[in-house]
Amino acid sequence: MSEPVLVLERLNKRYELEKRPLARLMGRRRPLLAVKDVSLEVPRGQITGLVGESGCGKSTLARMMLRLEEPTSGRVLLGGTDLTALHGAALRRERRRMQMVFQDAGGSLNPRKNARKLLSEALALAGDPPEALADRAVALMRQVGLDPALLGRYPHELSGGQKQRLAIARALAMQPELLVADEPVSALDVSLQAQIMRLLMELRDSLGLTMVFISHDLALVHHLCAHVAVMSAGEIVERGHPREVLRDPQHPYTRRLLAAVPRGRHAVRPSLEQAEP
Ligand SMILES: Nc1ncnc2c1ncn2[C@@H]1O[C@H](COP(=O)(O)OP(=O)(O)OP(=O)(O)O)[C@@H](O)[C@H]1O
Ligand SMILES: [Mg+2]
């Protein structure tokens, strides 16, 4: 197997103060270990899944991957470069090699900029020459399955699925080596979920794009991912090929997660079945 794109080494994240107001109200003042000793390798050109229930630390881990969040301890290596040792301009440059897509695409897109502006800004930042921006923006729209006629639209003038496609296009504009998608389809209905997942698989195949796909839904991960890591209470409790993990979950937590999936759902997803490698 080739060198992994991203290597996480024994990452820990401790929050000194609980964020949830309710827990704070209940007097929970002790520090919270949101991520505990997580090591993970993300192989090139494949989709790695990260699953676990709400609050188990998935987003915290994702933010540490991009060093949007400072690890309490541990290292993040991107293509061999230790991101945890970088600061300032050097960190910003390296970080650009990774892009993140969020559940709430609308919230991550500036509402005052139309699609053309959002894309050309990202392209310019990635070093595309000014005269190429218009054509590249059109090409990006096509690549994510959006009609270039929508380039003049503002985020609020797009549907949920279109917004998510635009967020993906903007991430692609930066020519990332790694795309970290944090629950990118959780806010979408089932048919839109299938469309976006198919798009991610196409991008993996056509661009050789490496992805981390975060979800609380083992069934989705099963269709998309070559590897899966199951998280519970800040730790990775199980990892392996999704089919094996689904067929024979070793950890009690994984079994509970599976039991929460409506019967038959991980077996029947007809719209995606044919797209599976
Ligand atoms: N900035 C913060 N300060 C304090 N605690 C935080 C902070 N961010 C997250 N936490 C806590 O860390 C834990 C993990 O949160 P995180 O958002 O990473 O979970 P998650 O798995 O992404 O959940 P979800 O599925 O709901 O998105 C939670 O208990 C959360 O309340
Ligand atoms: Mg989250």
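All ligand and atom numbering here is 1-based and tracks the order in the structure. Positions are given from 1, in the same order as the sequence printed here.
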**Complete:** Note: ligand 1 atoms sitting under 4.0 Å from heavy atoms of L32 are 11 (C), 12 (O), 13 (C), 29 (O)

**Message:** Between E157 and Y154 (side chain of the first, backbone of the second, donor and acceptor by atom type, cut-off under 3.5 Å), is there such a pair?
**Reply:** yes

**Complete:** Counting from 1 in the order shown, the ligand 1 atoms closer than 4.0 Å to a non-hydrogen atom of G57 are 14 (C), 16 (P), 18 (O), 19 (O), 20 (P), 21 (O)

**Asked** Heavy-atom distance to atom 16 (P) of ligand 1: which of V35, V51, T60 wins?
**Response** T60

**Request:** Return yes when at least one N/O/S atom of T60 is nearer than 2.8 Å to the Mg ion (ligand 2), and no when none is.
**Result:** no

**Item:** ligand 1 atoms in contact with A34 (distance to a heavy atom under 4.0 Å)
**Value:** 12 (O), 13 (C)

**Request:** Give a yes or no on whether the backbone of L86 and the side-chain of R67 come within a donor-acceptor separation of less than 3.5 Å.
**Result:** yes

**Prompt:** Can you check whether S59 has an N/O within less than 3.5 Å of an N/O in ligand 1?
**Reply:** yes

**Asked** Can you check whether L61 has an N/O within less than 3.5 Å of an N/O in ligand 1?
**Response** no

**Request:** May I ask you to check whether D37 and S39 show a side-chain donor-acceptor distance below 3.5 Å?
**Result:** no

**Any donor-acceptor N/O pair, Q193 side chain to V185 backbone, under 3.5 Å** = yes

**Prompt:** Would one find more than 12 heavy atoms of other residues, nucleotides or ligands at under 6.0 Å from atom CZ of R255?
**Reply:** yes

**Request:** Go through ligand 1 atom by atom and flag the ones less than 4.0 Å from a non-hydrogen atom of R63.
**Result:** 8 (N)

**Asked** Relative to ligand 1, is I214 under 4.0 angstrom through side chain, backbone, both or neither, heavy atoms considered?
**Response** neither

**Message:** Nearest 0.5 Å, please: how far is CD in Q99 from CD in Q175?
**Reply:** 11.0 Å

**Prompt:** For ligand 1, is any non-hydrogen atom under 4.0 Å from E183's backbone (N, CA, C, O), its side chain (CB onward), both, or neither?
**Reply:** side chain

**Message:** Tell me whether E121 is salt-bridged to K117, with the criterion being a basic N under 4.0 Å from an acidic carboxylate O.
**Reply:** yes

**Prompt:** Atom CD1 in I236, atom CG in L8: separation rounded to 0.5 Å?
**Reply:** 7.5 Å

**Message:** Heavy atom to atom 23 (O) of ligand 1, shortest distance: which of S232, G55, S215, C56 holds it?
**Reply:** G55

